[in-house]
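Below: one structure, written as structure tokens.
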Amino acid sequence: MTAPRPDTPRKILGRLSLPERTYVADALRTETVGGVLLLAAAVAALLWANIPGLHDSYESVAHFHLGPASLGLDLSVAHWAADGLLAVFFFVAGIELKRELVAGDLRDPKAAALPVVAALCGMAVPALVYVLTNVTGGGSLAGWAVPTATDIAFALAVLAVIGTSLPSALRAFLLTLAVVDDLFAILIIAVFFTDSLDFAALGGAVAGLAVFWLLLRGGVRGWYVYMPLALVIWGLMYNSGVHATIAGVTMGLMLRCHRHEGEAHSPGERIEHLVRPLSAGLAVPLFALFSAGVVVSGGALADVFTQPETLGVVLGLVVGKALGIFGGTWLTARFTRASLSDDLAWADVFAVASLAGIGFTVSLLIGELAFEGDQTMTDEIKAAVLLGSLIAATLATVLLKMRNAKYRRLWENEERDEDADGIPDVYEEDDPAYHERLADLYERKAAEHRRIAREKAAARHGLAEVPGGAGDDHHRPA
């Protein structure tokens with residue numbers, strides 16, 4: 001009787017497949033550039049709003065209204081940025097989520113367990129921290145959702161600035177966390193921040209989405225078809241009372257993200273490749289420019305730690321996110337018989353969990369929705385988001401820098417391509433042809449070194465046979 005095969009524990013945060021690694025590298029490259037622009041926009045907003053001679057102009061531009069009032073779209077510039085431009089951001093988020101579900105790590109329930117559990121814990125624990133802080137301090141519970149969101153672009157900008165060589169598995173974990181995080185943030189916005197509904201407008205938006213889906217399934221192509229339709233759907237969704245960004249994510253989820261035979265890229269991948277730079281390079285930075293411009297002073301920063309609402313946001317981002325994501329990852333490893341990759345330690349997971357405490361774009365949006373009508377509290381919550389994100393970024397920087405020498409070795413090993421075929425060697429170690437190519441390469445190198453050795457030996461032998469009389473005469477005294 002054959003002995004039962006031992007159940008080998010699955011490794012979590014292990015090496016990515018080559019297609020997934022390529023996709024993650026491309027996505028993170030764009031997000032990193034966008035993150036740097038986002039960082040610059042946030043700094044510009046703070047300077048614009050806090051320099052005395054410029055503050056009034058910031059307020060004038062942010063509150064300048066434009067748009068057709070007859071369609072219910074006479075909105076301020078800041079409102080257009082939050083409801084219009086962020087719809088582009090959530091459209092890309094919808095495509096990312098769809099791709100992860102049908103072609104990425106989330107298509108495998110076992111592989112999906114880690115980022116889903118980690119993301120859920122990384123949202124639940126910050127919300128719990130906020131609620132406990134405000135229950136004990138007598139504050140408002142309205143902002144419970146503010147510290148639940150992770151800003152992947154800002155987090156990647158921090159990685160770019162500090163120059164850490166974070167392994168691709170940890171970067172992919174951070175990206176997938178943010179995708180799942182965005183999904184639940186969208187659900188929170190849709191469920192908890194919809195006060196009243198215009199069913200006629202909502203029905204029109206749903207009908208528009210149905211037409212959008214039918215056109216996609218019918219293989220209709222052309223931006224001139226989809227762009228006007230998307231604008232109509234967005235306008236109807238906005239007027240329905242549901243936050244307009246829901247239109248963006250719904251259309252993103254409708255795109256086909258699996259490849260048919262003969263396709264190099266699915267339609268979703270192609271459109272994401274085109275729209276992601278617009279989202280990361282324009283939409284999100286402009287939103288930050290008109291959302292992060294809060295007046296900051298020493299007294300205002302001190303007040304962040306004395307008011308339960310703002311203290312709850314800071315503690316939720318800095319403490320809640322780190323404990324939630326780390327705890328969710330540990331629980332997944334504990335109860336699914338999975339084990340951490342041999343190349344990593346739990347300290348690495350905690351460092352990335354701390355980095356996920358950077359909650360900027362969606363946190364600012366939820367802060368505006370949670371305290372709508374109370375401009376003073378909205379500005380204080382924004383200041384708390386900025387301060388909490390800064391503290392989380394600083395903590396993560398320290399933790400990641402402590403491990404950077406190890407990360408650099410892992411990164412170099414991941415990137416090594418000795419046979420120069422464009423595929424990292426770690427993905428070819430089980431391929432006999434790879435070892436044949438290396439053997440040929442080393443044999444050519446060995447032959448070259450033997451040739452050089454013979455030439456050097458011949459040159460040295462020839463020098464030894466040169467007559468020494470002339471040299472002796474040259475040095476003989478006159």
Side-chain angles (χ1 to χ4, degrees), residues 11-14 24 28 31 35 105 111-130 145-159 161-162 164-185 312-336 338-341 343-363 385 387-404 406-407 410:
K11 296 293 184 182
I12 60 176
L13 300 182
V24 167
L28 293 181
E31 291 287 0
D105 288 344
L114 173 63
V116 170
V117 172
L120 283 173
C121 293
M123 299 184 81
V125 176
L128 181 61
V129 168
Y130 178 93
V146 175
T148 60
T150 294
D151 194 303
I152 184 63
F154 215 144
L156 292 172
V158 171
L159 289 178
V161 170
I162 66 177
T164 183
S165 304
L166 200 64
S168 58
L170 286 177
R171 289 179 183 264
F173 177 55
L174 185 62
L175 179 63
T176 309
L177 264 179
V179 170
V180 179
D181 194 299
D182 286 341
L183 168 65
F184 287 107
V313 169
V314 172
L315 292 178
L317 289 172
V318 177
V319 179
K321 272 289 183 183
L323 293 181
I325 292 173
F326 180 83
T329 306
W330 185 85
L331 287 172
T332 303
R334 174 68 179 80
F335 291 104
T336 63
S339 61
L340 191 65
S341 169
D343 293 330
L344 300 173
W346 285 109
D348 303 313
V349 178
F350 188 80
V352 171
S354 299
L355 187 65
I358 300 174
F360 191 76
T361 306
V362 179
S363 291
V385 170
L387 187 59
S389 298
L390 179 61
I391 295 172
T394 303
L395 174 62
T397 297
V398 173
L399 295 174
L400 291 170
K401 277 295 187 182
M402 291 170 62
R403 308 279 294 172
N404 201 40
K406 179 178 181 178
Y407 296 154
L410 291 174

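Everything numeric in this text was worked out from a predicted model, so none of it was measured. This chain uses plain numbering: 1 for the first residue, then up along the sequence.
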- How about Ser389 and Leu317: do any of their side-chain heavy atoms sit closer than 4.5 Å?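 Yes. Closest side-chain heavy atoms under 4.5 Å.
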- Task: Check whether any side-chain heavy atom of Val158 lies under 4.5 Å from a side-chain heavy atom of Leu355, and answer yes or no.
- Result: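 Counting from C-beta outward, Val158 and Leu355 do come under 4.5 Å.
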Between [X] and [Y], what is the shortest heavy-atom contact and its length?
| X | Y | value |
| --- | --- | --- |
| Leu399 | Ala351 | CB-CB, 3.8 Å |
| Thr332 | Ala113 | OG1-O, 4.2 Å |
| Pro126 | Gly122 | CG-O, 3.0 Å |
| Val117 | Gly328 | CG1-O, 3.7 Å |
| Arg403 | Ala345 | NH2-CB, 3.4 Å |
| Asp181 | Ala149 | OD1-CA, 3.2 Å |

Point-to-point distance, once rounded to the nearest 0.5 Å, from [atom1] of [X] to [atom2] of [Y]:
| X | Y | atom1 | atom2 | result |
| --- | --- | --- | --- | --- |
| Phe335 | Trp330 | CZ | CH2 | 6.0 Å |
| Ile358 | Leu174 | CD1 | CG | 8.5 Å |
| Thr150 | Leu175 | OG1 | CG | 11.5 Å |
| Leu395 | Leu390 | CG | CG | 11.5 Å |
| Leu331 | Cys121 | CG | SG | 6.0 Å |
| Leu128 | Met123 | CG | CE | 14.0 Å |

- Item | side chain to side chain contact (heavy atoms under 4.5 Å, CB included) partner of Val313, chosen from Leu387, Val318, Val129, Val385 |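 In the set Leu387, Val318, Val129, Val385, the residue that makes a side chain to side chain contact (heavy atoms under 4.5 Å, CB included) with Val313 is Val385.
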- Query: Does Asp151 have any salt bridge (Lys or Arg N to Asp or Glu O under 4.0 Å) partners at least two apart in sequence or in another chain, and if so, which?
  - Reply: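 Partners of Asp151 by the salt bridge (Lys or Arg N to Asp or Glu O under 4.0 Å) criterion come out as none, since no residue qualifies.
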- For the pair Thr329 and Trp346, evaluate side chain to side chain contact (heavy atoms under 4.5 Å, CB included) and give the outcome as yes or no after the intermediate values. CA-CA 9 Å; Thr329 306; Trp346 285 109; 3.8 Å; yes
- Query: Ser354 and Lys321: side-chain donor and acceptor closer than 3.5 Å?
  - Reply: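 Checked: Ser354/Lys321 side chains show no N/O donor-acceptor pair below 3.5 Å.
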- Backbone N or O of Phe173 within a donor-acceptor pair of the Thr176 side chain at under 3.5 Å?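 Side chain of Thr176 to backbone of Phe173: no pair is present.
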- Task: Taking Ser363 for its side chain and Val146 for its backbone only, find out whether a donor-acceptor pair lies under 3.5 Å.
- Result: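 Such a contact is found between Ser363 side chain and Val146 backbone.
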- Item | side chain to side chain contact (heavy atoms under 4.5 Å, CB included) assessment of Thr148 paired with Phe184 | CA-CA 9 Å; Thr148 60; Phe184 287 107; over 6 Å; no
- Check against side chain to side chain contact (heavy atoms under 4.5 Å, CB included), Val349 and Leu344: CA-CA 8 Å; Val349 178; Leu344 300 173; 5.9 Å; no
